[in-house]
Amino acid sequence: MTTESITPPQDENQIITERRAKLQELRKNGIAFPNDFERKNLAAELHASYGDQTKEQLEEVKIQVAVAGRMMLKRVMGKASFATIQDMSGRIQLFISNGDTGEETHTAFKHYDLGDILGATGELFKTKTGELSVRVTGLRLLTKALRPLPEKFHGLTDQEQKYRQRYVDLITNEETRRVFMIRSKTIQVIREFFARHDYLEVETPMLHPIPGGASAKPFITHHNALDMQMYLRIAPELYLKRLVVGGFEKVFEINRNFRNEGLSTRHNPEFTMIEFYEAYRDYKHLMDFTEKLFVEVARKVLGTTVLSYQGRELDLGKPFHRLTMTQAIQKYHPQFTDAQLNDRDFVINELQDLKAKYKTSDALGSLQLYLFEELAEAQLFEPTFIVDYPAEASPLARRSDANPAITERFELFIVGREIANGFSELNDPEDQEARFDEQVAAKDAGDEEAMFKDSDYVRALEYGLPPTAGEGIGIDRLVMLLTDSASIRDVILFPQMRPEA
RNA sequence: GGGACGUUAGCUCAGUCGGUAGAGCAGCGGACUUUUAAUCCGUUGGUCGCCAGUUCGAAUCUGGCACGUCCUACCA
């Protein structure tokens, strides 16, 4: 006994073998992958234009259509069949019968498989149950699908496969298509919003010789011709502010940042942010502006400011809360007094009880920040601006005139997550240089996330940065909110995964 | 990094006490000219994640490994 000489690839199975044979047959009989079918109508447009017409009206007007799409459902009943095809807009039913197409075409159709891409021409009509359908007179197989689709009722449910094979997820799951259409629409609305406010959209480098603008571990890469180490950007901030120095007084950029940190339901190594800067504004203006932006995005994308996130209702149309860190702590832990929260030893004691990390060298503001993160952050379900961040944690932000230990900075929290971060920009070049030097000292002391000193940036400030306000908004997290997604992977088309086993 | 749970047909899932593998969908063959996850009859399809161990015998018990999901930590 001899083994078969043809060993199919490992994931080949009987179904794929069968379909390959059908494709072989198609090749033999002509052009297996024709590209001359002219699609003239989309499913959703036909439903919108003719869905309301009666059976009789449709028979009278005799609308000729040409539709194309992937076959998702198939029902064969001897001399007549129904098929449901799906295009970018939606689905429409085809009726194929010996009487309309001739027996040969209908017989060929019976061997078409779910997942095949078809082109059909014919006349619109309504079935006796009232479903708008195409009475097919011409039917062609445009692309043979070799691999079977997931089960037609449940679709693809395995999370890993949804992420790894997003194309299958998109074919099968309406909800997945909805999420990414909302994502696209969200970015479009944001662009329009900034354009309307006379902002200039710019693109700054993704490859940085000095990573800057955030506290994070960068990805390191190498440029061959220059033989130098480069970093994927962790934030565009320093470049955008250089542009404000240059006279582009309102700029924004929507693009990816890369951070070499852990993966989680809220973190992907590459994520999308919008950063924007406007001269002659301060952080208070940014908060008002952000509220307007969020309301507009919700209204234009979802049609309402009221949304449901993981079972809880949220209204972006209500004024956002504004609290200092200590006020936020007290909101959820009213037993703490102002005196206690401003007492270093007391705060350190609380942090110890919570097993939270801190350094004995930390200033009171940083200690309060850690306590806030432990006790309040995750509870900020309704949109809340937390203001007055400690200067040592905000090396690019302008100090408060009333209290130089804090900065004119806020972070916006919604559903317990940081969604945005903004501040009045530090435009004092001497203070900026001093703060860079502090960061370098921290880096030398072992802080991997401390910033590098960017001397050209300081030089830019020395030419004069007008008083400016700047902010970054996490687009992925915003889209999670708008789509009620629990994981950031659900709003990124191709999330980072480990290599396949 | 730590913890919990999971991995069985292309897909969705069962699998009892350890006794040699099941259903539905998809596929193939047949019936059926208005179906709606069409229906009905017949039928093909398996490295039970991988490697060891225990046992007469392992999808099932034990150990290790891989991958995944969730929680947690770092982080936006």
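Chain letters run A, B, ... following the sequence lines, proteins first, then strands; residues in each count from 1. When reading the values below, keep in mind they use all heavy atoms of this one structure, side chains included, and skip hydrogens, waters and symmetry mates.
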Taking any heavy-atom pair under 4.0 Å as a contact, classify [X]: base, sugar-phosphate, or nothing.
| X | answer |
| --- | --- |
| Lys55(A) | nothing |
| Gly155(A) | sugar-phosphate |
| Lys152(A) | sugar-phosphate |

Hey, is the side chain of Gln14(A) pairing donor to acceptor with the base of U44(B) inside 3.5 Å?
yes
What about Glu131(A): does its side chain form a donor-acceptor pair under 3.5 Å with the base of U35(B)?
no
Whole-Å distance between [N] [atom2] and [X] [atom1]?
| X | N | atom1 | atom2 | result |
| --- | --- | --- | --- | --- |
| Gln86(A) | A37(B) | CD | P | 15 Å |
| Phe125(A) | U34(B) | CZ | P | 11 Å |
| Phe82(A) | U39(B) | CZ | P | 15 Å |
| Arg259(A) | A76(B) | CZ | P | 6 Å |

Using modelled atom types and a 3.5 Å cut-off, is there a donor and acceptor pairing between side-chain atoms of Asp454(A) and backbone atoms of Leu238(A)?
no
Using Watson-Crick or G-U wobble geometry with both distances under 3.5 Å, which nucleotide pairs with G1(B)?
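For G1(B), the partner nucleotide comes out as U72(B), under the 3.5 Å rule.
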Could you identify the nucleotide paired to G45(B), looking across every strand shown and requiring Watson-Crick or G-U wobble geometry with both distances under 3.5 Å?
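Per the H-bond distance test, none.
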Using heavy-atom distances to pick each residue's nearest nucleotide on RNA chain B, tell me which of Glu270(A) and Glu18(A) is more 5'.
Glu18(A)
Quick one: on RNA chain B, does Glu261(A) or Asn98(A) contact a more 5' nucleotide (nearest heavy atom)?
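By nearest-heavy-atom nucleotide position, the 5'-most residue is Asn98(A).
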Arg75(A) side chain near A38(B) phosphate (N/O to OP1/OP2, under 4.0 Å):
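Yes, because at least one side-chain N or O of Arg75(A) sits under 4.0 Å from OP1 or OP2 of A38(B).
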Would you say whether Phe271(A) stacks on A76(B)? The test is a distance between ring centres of less than 5.5 Å and an angle between planes of less than 30°.
yes
Identify whether NZ of Lys or CZ of Arg in Lys74(A) sits under 6.0 Å from the centre of the six-membered ring of Phe109(A) and within 45° of that ring's axis.
yes
